[in-house]
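Order of the sequence lines sets the chain letters (A, B, ...), proteins ahead of strands, with each chain counted from 1.
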Amino acid sequence: MLDIKFLRDNLEETERRLKTRGEAVTLGAFRDLDLQRRDLLQKSENLKALRNRVSDEISRVKDKSQVQDQIAEMRDVSQQIKALDDRLGEAEAELSQFLLTVPNIPSASTPVGSSEADNVEVRKWGNIPAFAFTPKPHWELGEQLGILDFECGAKLTGARFTLYRGQGARLERALINFMLDLHTERHNYVEILPPFMVNRDSMTGTGQLPKFEDDLFRLDGVDYFLIPTAEVPVTNIHRGEILKSTDLPLRYTAYTPCFRKEAGSYGKDTRGLIRQHQFNKVELVKFVQPDESYAELETLLADAEKVLQLLELPYRVVDLCTADIGFSAAKTYDIEVWLPGQNAYREISSCSNFEDFQARRASIRYREDDKAKPEFVHTLNGSGLAVGRTLVAILENYQQADGTVTVPEALRPYMAGTETIG
RNA sequence: GGAGAGAUGGCCGAGUAGGUCGAAGGCGCUCGCCUGCUAAGCGAGUAUACUGGGAAACCGGUAUCGAGGGUUCGAAUCCCUCUCUCUCCGCCA
């Protein structure tokens, strides 16, 4: 959510910067609505001040028969207040609904662009493996090895669900533990295991609602949603709180499954593990002071990259352009891992600085010192990493001519020493 | 699922025959004094949001005692609904 006062004073500039996202944003109605709201508010508050004053006078008079006129008058005033407050409530609801649907302003450092083609490659790491044979896609490898069963997933649930079996299940679990250990033991994140369903307030706090309800799985009967990412519960840990500056930065890591409807992606990545309705992810979340958030974004990115480096998987880092960053983000780096089966880099992590956008929605503040006014923190998060896609990358990059897969050395302690799958 | 109890400021905790309660008291914290030694004492201050005025410091208004609604001139205090917490029973991993 944008600062309403900032919007008021910088309407044209904001409109211009939001347009670089590629969607038409018109803030004209905002000004009228804002003026109307403040006008109603003033009228209502003036009447309330009057009522408070007169009611106070009434309370001092013992013989109420002497103040019947005032009581009658205030009865009328109360009616007027009620009418004004009804209109005010409508205006406020409309205004907040509007504000909740306006995306974040891209950071000045976010490259301006009109499509993902304008994303900027920041760096590449690792060597793309050369195969003496035609590398197979992971779904073939997984099925042949008997560790991924897509048909069974479809039988149990439906399309875009997969059953892991044997060493496949073990590999997924090994990756989760490997990532969590790395981030907690070496990168100083606090491990969190949050609820996998959250309420509407939490979804609104991080920006999934109200705009993207169609992307979420919602429970029948209660107003709970399956989380699309651990970002939601973990960021909302401090919703409505005022933190101490000495508590910052706060760094959390959490493993959770993620549930996404993937509406509008029909026909895309229909085979394999790339796009699932349920997938595992280890997430990194930070709460930091505003002037540190961009430095923290770089270290967050580095922490995520470290996973791929230790697994010796080639990747590149991409600085997303204004047209490609998410609704709540001011700046986003994607990490894309090399997939020999697709002969392409594919997203495996997305690391974003939301600045105060989520903090304002979720009211997450901090105090510089005991006397200072509360200020909004900056929130960041990134995948560290998407586990299913990491498994895909391992299968495809570490596949051998005979269809077996070598286990990356860093992972072997988590696989009871297993060196080869198959 | 059944029965009961409760939700007050950073924390603890008063306040229910409606008014002088943004809310006693204590703790914590901040500043000052004193003392002088890693403590105690004394004094003052110590919520948030919105809003009007002001360059600002700041001053004024409104709201907030779990949430929402109602009664009333006036509600932390009365009524209704919801949420959450705790205790007991049942059930269950």
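- Of the listed residues (A/Q342, A/E347, A/R160, A/K268), just one forms a side chain to side chain contact (heavy atoms under 4.5 Å, CB included) with A/I274, and that residue is A/Q342.
- The interatomic distance linking A/E241 (CD) with B/rC11 (C1') rounds to 14 Å, in whole Å.
- Both A/D56 and A/E92 sit near RNA chain B, but only A/D56 has its closest nucleotide nearer the 5' end.
- Aromatic ring pairs are classed by plane angle as parallel below 30°, tilted from 30° to 60° and perpendicular above 60°; the pair A/H187 and A/H183 is tilted.
- Checking B/rU62, B/rC73, B/rC50 against the side-chain heavy atoms of A/K48 singles out B/rU62 as nearest.
- The side chain of A/S55 sits closest to B/rG19 out of B/rG61, B/rG19, B/rU48.
- Note on A/N52: only backbone sugar-phosphate atoms sit closer than 4.0 angstrom, heavy atoms only; bases stay farther off.
- Across the C1' atoms, B/rU30 and B/rC84 are found 34 Å apart, a figure rounded to whole Å.
- Atom pair A/I364:CD1 and B/rU48:C1' shows a separation of 16 Å (rounding to whole Å applied).
- No hydrogens or angles were tested; on distance alone, nothing pairs the side chain of A/Q42 with the base of B/rG52 as donor and acceptor under 3.5 Å.
- Look at B/rC88: its Watson-Crick or wobble partner, with both distances under 3.5 angstrom, is B/rG2.
- Applying the Watson-Crick and G-U wobble criteria (two distances, each under 3.5 Å), B/rG32 pairs with B/rC42.
- Counting any heavy atom pair closer than 4.0 Å across all strands shown, A/R60 reaches no nucleic acid atom.
- A/L50 places its CG atom 12 Å from the P atom of B/rA63, with the value rounded to the nearest Å.
- Distance alone, capped at 3.5 Å, is enough to place a donor-acceptor pair between the A/T322 side chain and the A/G113 backbone.
- Shown here, B/rG54 forms no base pair; nothing in the strands shown gives a Watson-Crick or G-U wobble contact with both key distances under 3.5 Å.
- Between the C1' atoms of B/rG4 and B/rG9, the separation comes to 29 Å (whole Å).
- Under 4.0 angstrom from either OP1 or OP2 of B/rG60 there lies no side-chain N or O belonging to A/R53.
- Atoms CG (A/L47) and P (B/rC73) sit 16 Å apart, rounded to a whole Å.
- Comparing the same atom, P, in B/rG10 and in B/rA49 gives a spacing of 12 Å after rounding to whole Å.
- Between A/F357 and A/F327, the ring center distance clears the sub-6.0 Å criterion.
- A distance of about 43 Å separates the P atoms of B/rG61 and B/rA39, rounded to the whole Å.
- Contact between the side-chain N/O atoms of A/R37 and the OP1/OP2 oxygens of B/rU51 is found at a separation under 4.0 Å.
- Put simply, the residue from A/L300, A/V285, A/T235, A/L284 that forms a side chain to side chain contact (heavy atoms under 4.5 Å, CB included) with A/L380 is A/L300.
- Of all nucleotides present, none satisfies the Watson-Crick or G-U wobble test against B/rC65 with each distance under 3.5 Å.
- Within 4.0 Å (heavy atoms only), A/R8 reaches sugar-phosphate atoms of the nucleic acid but no base atom.
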Checking A/D181 against A/R186 for the salt bridge (Lys or Arg N to Asp or Glu O under 4.0 Å) test, could you report, in this order, the C-alpha distance in whole Å, the side-chain angles of both residues, the deciding distance, and whether it holds? CA-CA 8 Å; A/D181 284 354; A/R186 290 176 61 179; over 6 Å; no
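- For the pair A/R75 and A/A49, nearest-nucleotide mapping onto RNA chain B gives the more 5' position to A/A49.
- As rounded to whole Å, 9 Å separates atom C1' of B/rC73 from atom CD of A/Q68.
- For the pair A/E375 CD and B/rU48 P, the interatomic distance rounds to 13 Å; values are reported in whole Å.
- Residues forming a side-chain contact (heavy atoms from CB on, under 4.5 Å) with A/D215 (at least two apart in sequence, or on another chain): A/F212, A/A263.
- The nucleotide B/rA93 finds no pairing partner, because no Watson-Crick or G-U wobble arrangement with both distances shorter than 3.5 Å includes it.
- Regarding A/K64, its NZ atom lies at a distance of 12 Å from the P atom of B/rC73, rounded to whole Å.
- When the C1' atom is compared between B/rG15 and B/rA76, the two are found 8 Å apart, to the nearest whole Å.
- As judged by a 4.0 angstrom heavy-atom cut-off over every strand, A/L41 is placed among residues touching the sugar-phosphate backbone only.
- At least one side-chain nitrogen or oxygen of A/K5 sits closer than 4.0 Å to the OP1 or OP2 atom of B/rU51.
- Within the 4.0 angstrom heavy-atom criterion, only backbone atoms of the sugar-phosphate kind lie near A/S78; the bases stay farther away.
- In this structure, B/rU16 forms no base pair with any nucleotide, since neither Watson-Crick nor G-U wobble geometry is met with both distances under 3.5 Å.
- For the P atom pair drawn from B/rC11 and B/rA7, the interatomic distance equals 15 Å after rounding to whole Å.
- The nearest whole Å value for the distance from the CE atom in A/M1 to the C1' atom in B/rC50 is 13 Å.
- Across B/rU83 and B/rC21, the matching C1' atoms stand 26 Å from one another, rounded to whole Å.
- Nearest to the side chain of A/K82, among B/rU71, B/rU62, B/rC73, sits B/rU71.
- In this structure, CG on A/N188 lies 7.0 Å from CZ on A/R251, to the nearest 0.5 angstrom.
- B/rG69 and B/rG74 have their P atoms separated by 16 Å, with the value rounded to a whole Å.
- Distances shown here put a side-chain N or O of A/R51 below 4.0 Å from the OP1 or OP2 atom of B/rG74.
- Base pairing of B/rG22 is not made with any nucleotide, judged by Watson-Crick or G-U wobble geometry with both donor-acceptor distances under 3.5 Å.
- Between A/R38 and B/rC50, a side-chain N or O to OP1/OP2 separation shorter than 4.0 Å is absent.
- The A/E45 side chain lies nearest to B/rC50 when the options are B/rC50, B/rU48, B/rG52.
- Ring-plane geometry between A/H238 and A/Y252 is classed as parallel, the angle between the planes falling under 30 degrees on a 0 to 90 degree scale with a further cut at 60.
- Pairing of B/rU77, defined by two Watson-Crick or G-U wobble distances under 3.5 Å, is not identified with any nucleotide.
- Using a 4.0 Å cut-off, some side-chain N or O of A/R365 falls inside it from OP1 or OP2 of B/rA49.
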